[in-house]
There are 2 protein chains.
Amino acid sequence: MPRLDDVARAAGVSKATASRALSGASGVAASTRERVQRTADELGFRVSGAARRLATGMTRTIGVLTPSVNRWYFGSVLHGIAHAADAHDHDVLLYDLGAFGRGGHEKFERFMTRGEVDGLVTITWSLVGGDLTRLADLGIPVATVGEPTRHTRSFALDDDAAGEQAAEHLVRLGHTDLLHIAAEPEVQPFEASSSDRRERAFERVSARHGLRMRPALTVPTTLEGAHGVVREVIGRADRPTGIVAGTDEVAMAALLAAHQLGIRVPEELSVIGVDDVPAAAAFGLTTIRQDPAQHGEDVVAWIMAALDDPDDEPDRSHTAYSPVLIVRSSTAPPS
Amino acid sequence: MPRLDDVARAAGVSKATASRALSGASGVAASTRERVQRTADELGFRVSGAARRLATGMTRTIGVLTPSVNRWYFGSVLHGIAHAADAHDHDVLLYDLGAFGRGGHEKFERFMTRGEVDGLVTITWSLVGGDLTRLADLGIPVATVGEPTRHTRSFALDDDAAGEQAAEHLVRLGHTDLLHIAAEPEVQPFEASSSDRRERAFERVSARHGLRMRPALTVPTTLEGAHGVVREVIGRADRPTGIVAGTDEVAMAALLAAHQLGIRVPEELSVIGVDDVPAAAAFGLTTIRQDPAQHGEDVVAWIMAALDDPDDEPDRSHTAYSPVLIVRSSTAPPS
DNA sequence: GCTATGGTCGGAACCGGTTCCGATGATTGG
DNA sequence: CCAATCATCGGAACCGGTTCCGACCATAGC
């Protein structure tokens with residue numbers, strides 16, 4: 001495995017010049033640069049990332065802290081991050097924290113002592129406030145995606161708007177008796193969670209239009225977890241005419257339950273979700289779309305920009321994405 | 001940020017001894033080791049990963065090449081990998097290749113020139129044979145999960161057994177007219193793919209029991225992609241009494257389609273899948289279970305072992321996991 | 001009492017780049 | 001024609017650990 005020394009010697013220049021030539025730094029004659037480049041290719045030279053790291057202090061790596069990897073939202077964000085990082089020639093180091101409390105926090109501590117990354121993105125729910133501030137003090141760009149937070153730069157769907165749009169859609173169709181089913185995050189979020197915000201937006205719409213008030217219902221986030229509860233609820237005699245679900249998973253659970261109970265959708269029951277997961281189309285689910293992969297790309301773009309800047313003031317602003325209503329066949333006027 | 005030098009000086013020993021004491025190497029008096037350890041803690045010393053890498057040539061990192069991250073199978077494997085890697089105090093570097101051909105191969109090439117990892121796991125379908133052999137020649141432990149391959153060590157569900165079990169289950173229930181719907185991988189696999197193997201296993205069972213022969217059907221892997229095709233097929237007059245789906249996603253697409261067409265399951269149509277994704281329970285889907293997270297943990301365990309061994313002969317054996325039948329309510333005797 | 005042995009520890013040479021600083025030669029302006 | 005300026009390049013000092021090898025001391029064995 002040839003080293004920079006070898007390339008330099010073969011090209012008849014010093015290590016210093018060879019380094020400059022190959023890294024694209026200025027102060028090298030075009031002819032020299034080209035010659036060095038060529039001999040490097042011929043020798044099959046590849047810089048040692050380890051040496052470069054040691055010398056520059058840069059890792060060309062961005063870390064991702066996530067509570068999960070095989071859920072649509074997290075996976076999509078991760079996909080966007082991976083794509084954008086690759087475009088910037090950076091690696092992505094994955095920290096799958098798992099459920100917080102069940103070993104998740106130890107993994108976080110390990111990350112704090114080991115992790116060597118140039119930038120960091122935490123996907124919501126992976127951390128509590130105190131940990132977030134510790135990260136923010138790490139001296140590297142840190143951003144959160146999934147929820148707004150004042151501790152770091154953040155990117156997230158505008159949950160208020162999403163909740164309002166979902167409810168308003170059903171109201172416009174003529175519904176007056178709606179039930180909101182929130183998806184409960186596995187870990188207690190440190191600030192108002194997405195589902196809290198969506199739920200409160202729903203309540204605002206309810207109040208505004210004088211809808212029937214029903215007690216709040218919260219179910220597990222996953223389709224399978226939500227299914228049993230939702231089924232029990234919509235099986236009751238006084239079920240609402242429409243359901244506003246906090247997420248598509250919950251909405252699909254409702255669709256499934258309705259089917260199993262013989263309740264026709266949308267004739268007897270309207271259902272709307274939030275997310276627009278891929279399966280939503282097959283379910284004919286009306287929903288509020290968001291694009292997490294885009295969030296992932298944007299957060300990387302921000303980190304790259306922050307890396308370029310001398311970073312005067314830490315940027316802790318928030319980017320809210322506008323939701324968009326996708327109407328399919330799970331919603332209709334009440335009969 | 002204190003360096004090893006500082007710790008050594010503060011503890012009154014040399015860099016060499018300090019290094020040995022902290023890394024747990026032998027040849028250090030217990031009392032010395034403890035003293036160094038303590039002063040290191042007091043100073044808040046953390047080894048520089050970059051320096052250690054440079055000196056040892058080890059990265060304490062394992063790479064994962066995957067075609068996707070937000071599909072159940074890949075996500076689960078990744079989760080298992082992340083968990084096991086963390087337990088061994090290793091980092092995981094994620095390479096989300098995306099669809100091969102659409103930029104995926106360029107990303108692969110970038111990986112080849114940049115990637116510095118101690119071990120590598122490729123999740124099936126991310127690569128073609130030629131690339132796999134290039135990886136295998138990298139001089140580091142390489143393993144594949146998802147499909148057996150002779151190019152590297154590999155871990156995968158026993159697809160033959162899975163296909164047979166699925167078909168046999170329906171045969172035992174009395175079905176004689178079955179349709180197999182294979183899930184087509186997005187990229188052409190280099191060897192017989194999982195779905196090929198499952199399909200052939202199905203055909204063997206068909207032949208063995210003299211079932212009605214139906215033309216093979218292949219649909220996209222995703223629920224949403226499969227949905228339209230499946231719906232069209234089971235909407236025909238001469239539909240079979242049972243469907244053996246290559247994956248749960250396809251099976252769920254069938255369930256959805258059946259519901260939309262007013263076909264009762266399992267009375268008029270039995271459906272069985274493979275995977276046992278979380279949503280399968282809510283769907284009441286009978287299926288053949290596999291546990292990809294376990295595959296991920298096992299592949300890491302193998303890599304760690306290979307890292308410890310001087311690795312005489314490259315181990316290219318294959319581990320096949322036995323599928324297990326999970327009976328729910330989507331299958332019943334034909335009426 | 002003297003030497004062989006083994007356990008501890010230090011010195012110093014790496015690992016493979018980056019970058020500051022100074023030297024050199026060529027060019028330009030007066 | 002001479003001095004100032006600029007582009008280009010080399011030397012050498014890092015970056016922060018690991019590890020080979022030899023020195024040293026204490027104990028054990030004779």
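Below, chains carry the letters A, B, ... as their sequence lines are ordered, and counting in each starts from 1.
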Between T17(A) and S14(A), do the side chains contain an N or O donor and an N or O acceptor separated by less than 3.5 Å?
yes

Sequence neighbours excluded, the answer for ring-ring contact (aromatic ring centres under 6.0 Å, His included) partners of H90(A) is none

So, does T32(B) get its side chain near the phosphate of dT8(C), meaning an N or O under 4.0 Å from OP1 or OP2?
no

Nucleic acid contacts of residues 49-59 of chain A, taken as heavy-atom distances under 4.0 Å to DNA chain D
L54(A), A55(A)

Suppose we screen for ring-ring contact (aromatic ring centres under 6.0 Å, His included). Which residues come up paired with Y95(B), at least two apart in sequence or across chains?
F111(B)

Partners meeting ring-ring contact (aromatic ring centres under 6.0 Å, His included) with F155(B) (sequence neighbours left out)
none

Check the side chains of S154(A) and H318(A) for a donor-acceptor pair under 3.5 angstrom, ignoring hydrogens and angles.
yes

Contacts of type side chain to side chain donor-acceptor pair (under 3.5 Å), residue T39(A), not counting sequence neighbours
none

Of the residues in residues 10-20 of chain A, which ones touch DNA chain C at a heavy-atom distance under 4.0 Å?
K15(A), A16(A), S19(A), R20(A)

Give me the residues of residues 37-44 of chain B where at least one heavy atom lies under 4.0 Å from an atom of DNA chain C, by number, or none.
none

The criterion is side chain to side chain donor-acceptor pair (under 3.5 Å); which residues satisfy it with D96(B), sequence neighbours excluded?
H79(A)

Identify, with sequence neighbours excluded, every residue that meets side chain to side chain donor-acceptor pair (under 3.5 Å) alongside H88(B).
none

For a quick test of your reading: what N or O donor-acceptor pairs under 3.5 Å do the side chains of residues 44-58 of chain A make, sequence neighbours left out?
residue	atom	partner	partner atom	Å
R46(A)	NH1	M112(B)	O	3.2
S48(A)	OG	A50(A)	N	3.4
S48(A)	OG	A51(A)	N	3.0
R53(A)	NH2	T61(A)	OG1	3.4
T56(A)	OG1	R52(A)	O	2.7
T56(A)	OG1	M58(A)	N	3.0

Test side chain to side chain donor-acceptor pair (under 3.5 Å) applied to Q294(B) - qualifying residues, sequence neighbours left out
D298(B)

If you take all heavy atoms of V299(A) and A143(A), which pair is closest and at what distance?
CG2-CB, 3.4 Å

First-last contacting nucleotides on DNA chain D - partner chain B, under 4.0 angstrom, heavy atom
dC15(D) to dC20(D)

H295(A) vs Y321(A) aromatic rings, parallel, tilted or perpendicular, using cut-offs 30° and 60°?
parallel

